[in-house]
Amino acid sequence: MISMTRLRDDETARAIGRALLAWYVLHRRELPWRQSLDPYAVWVSEMMLQQTQVATVIPYFERWMQRFPDVATLAAAAESDVLHAWQGLGYYSRARNLQRAATRMVEHHDGRVPASINALRALPGIGPYSAGAIASIAYGQAEPLVDGNVNRVLSRLFALRGDPNRAPLKAAIWDYARALVSAAERAPGDFNQALMELGATVCTPRAPRCTSCPLAALCQAKKLDLVEQLPELPARAKATPVHMVAVVATRNACVLVGRLKADAPRWAGMWLFPNAEVKSGQTPEAAVRDVLFRTAGLRGSPSSIVCVVRHSVTRFRITLDAYRTLEPSGVARALSVAEIAWKSPMDLAALAMPAAHRIIAERVLSDSAGAGGS
DNA sequence: AAGGCGGGGGT
DNA sequence: ACCCCAGCCTT
């Protein structure tokens, strides 16, 4: 492998920069957030791209920029609007952090996205990666960044053994990234984007396209036939199956939904159908009755299945059975939620719901439209 | 249906 | 320096 001391003042770093930038000019994808270097747009796109792929992000980004075109608009927005705009992207703390950071920018940074790494790092939701991305892409500073793509590209390029997400290799990769971006000082933002673009489109996790790679001649993993072995990421734990039920309680052509409390561990402030895990030894029907009573104080039993939603989140593979419960008895009260409401299926569209519950809501709407039309 | 991917925050 | 996080896409 090429040592850091060699790389720092070596022609190798400049050769890598030249080859990568020449490739990037020809192969960069035209993406909405690349049309301007507005720091706000760069920041929003980076937050959206953190755990979500480019193709998914594009329509969200465009809607977001229409709805919240600048820091001040975002800071002043209602949280429910922010969550609604983020709905479907997942990991909703990203959206809440975005708005919290916007508020701080209004209070402490003259309503602008700060440029210094330290000021960026102090903002909620901005860690080492995002700070480097904003500083280099939006402000042209020679700051490094390391994400999953960079881990993979540099692990291969320099044939680095070990887990890139753990010390000591983690620190070494940041050092390599810093040395490389410093050697590409004329265009640090483009260099960093080129590194990630290469990882996303050529130096892919599986079946990398080495024959199309501008760095193939310099790649130590290719030379040593280690491309498929690197990076050395640990195997993930297997997903745990979880069985859950959701209740679609109906009354007067409306359905019952609850808004989670602000301190809920996840989906805080969002709207969900009453739901609970089916504990071992418990029947789904019992789980439905139980959660309907504990959430809203209503008594009722499931009559039919609305739909079954299968989705995976982190290390859980969830099967969510949605049960229709007709005319439950009692007056709905917000017991374990911040607010409980009967909504017409059409009105559900205005609420911020996580993806699995949005699927149920869409099904409820299409069922009700079918019933009304027949 | 199963497997793969990831940056930030909290401890 | 860990561990955890409640999604989506590809195979």
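Side-chain atoms are counted along with the backbone in the values below, which use heavy atoms only and exclude waters and symmetry mates. Just so you know, these numbers come straight off a predicted model, no measurement behind them. Numbers restart at 1 for each chain; the letters A, B, ... are given by sequence-line order, proteins then strands.
Neither side chain, A/Gln193 nor A/Arg28, offers a donor N or O lying under 3.5 Å from an acceptor on the other. For the residue pair A/Arg94 / A/Thr52, a side-chain donor-acceptor distance below 3.5 Å is found, with atom types taken as modelled.
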As a check on the pairing definition, encode DNA chain B in dot-bracket form, counting Watson-Crick and G-U wobble pairs whose two distances are under 3.5 Å, and using | for partners outside this strand.
|||||.|||||

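A/Arg112 CZ: 12 or fewer foreign heavy atoms inside a 6.0 Å radius.
Nucleotides B/dG6 and C/dC2 are separated by 16 Å at their C1' atoms, to the nearest Å.
Rounded to whole Å, atom P of C/dG7 lies 13 Å from atom CG of A/Leu320. A/Arg94 has its CZ atom 9 Å from the P atom of C/dG7, to the nearest Å. Remark: C1' of B/dA2 and NZ of A/Lys238 are 10 Å apart, rounded to the nearest angstrom. To the nearest angstrom, P of C/dA6 lies 14 Å from CH2 of A/Trp86. Protein atom CE of A/Met48 is 15 Å distant from nucleotide atom P of C/dG7, rounded to whole Å.
A/Tyr60 meets the side-chain hydrogen bond (donor to acceptor under 3.5 Å, both in side chains) test with no other residue; sequence neighbours excluded. Annotation: side-chain hydrogen bond (donor to acceptor under 3.5 Å, both in side chains) contacts of A/Arg18 (sequence neighbours excluded): A/Glu11.
Without hydrogens or angle criteria, A/Arg166 side chain to A/Gly162 main chain gives no donor-acceptor distance under 3.5 Å.
Near-neighbour residues of DNA chain B inside residues 274-285 of chain A, defined by a heavy atom below 4.0 Å, are absent.
In terms of position on DNA chain C, the residue among A/Thr56 and A/Ile318 whose nearest nucleotide sits closer to the 5' end is A/Ile318. For the pair A/Leu89 and A/Arg166, nearest-nucleotide mapping onto DNA chain C gives the more 5' position to A/Arg166.
Put simply, the residue from A/Ile173, A/Leu230, A/Val146 that forms a side-chain contact (heavy atoms from CB on, under 4.5 Å) with A/Pro164 is A/Ile173.
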Nucleic acid footprint by protein, nucleotides 4-11 of chain B - heavy-atom cut-off 4.0 Å, B for base, S for sugar-phosphate alone:
SBBBSS--

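The other residues sharing a hydrophobic cluster with A/Val309 are A/Val242, A/Met244, A/Val248, A/Val255, A/Val257, A/Trp271, A/Phe273, A/Val306, A/Val313, A/Phe316, A/Ile318, A/Leu320, A/Leu348, A/Leu351, A/Met353, A/Ile359, A/Ile360, A/Val364, where clustering joins ILVMFWY side chains under 4.5 Å apart.
Checking B/dA2, C/dA1, B/dG3 against the side-chain heavy atoms of A/Arg317 singles out B/dA2 as nearest.
Contact detail for A/Val71 and A/Ala102: the closest heavy-atom pair is CG1-O, 3.6 Å.
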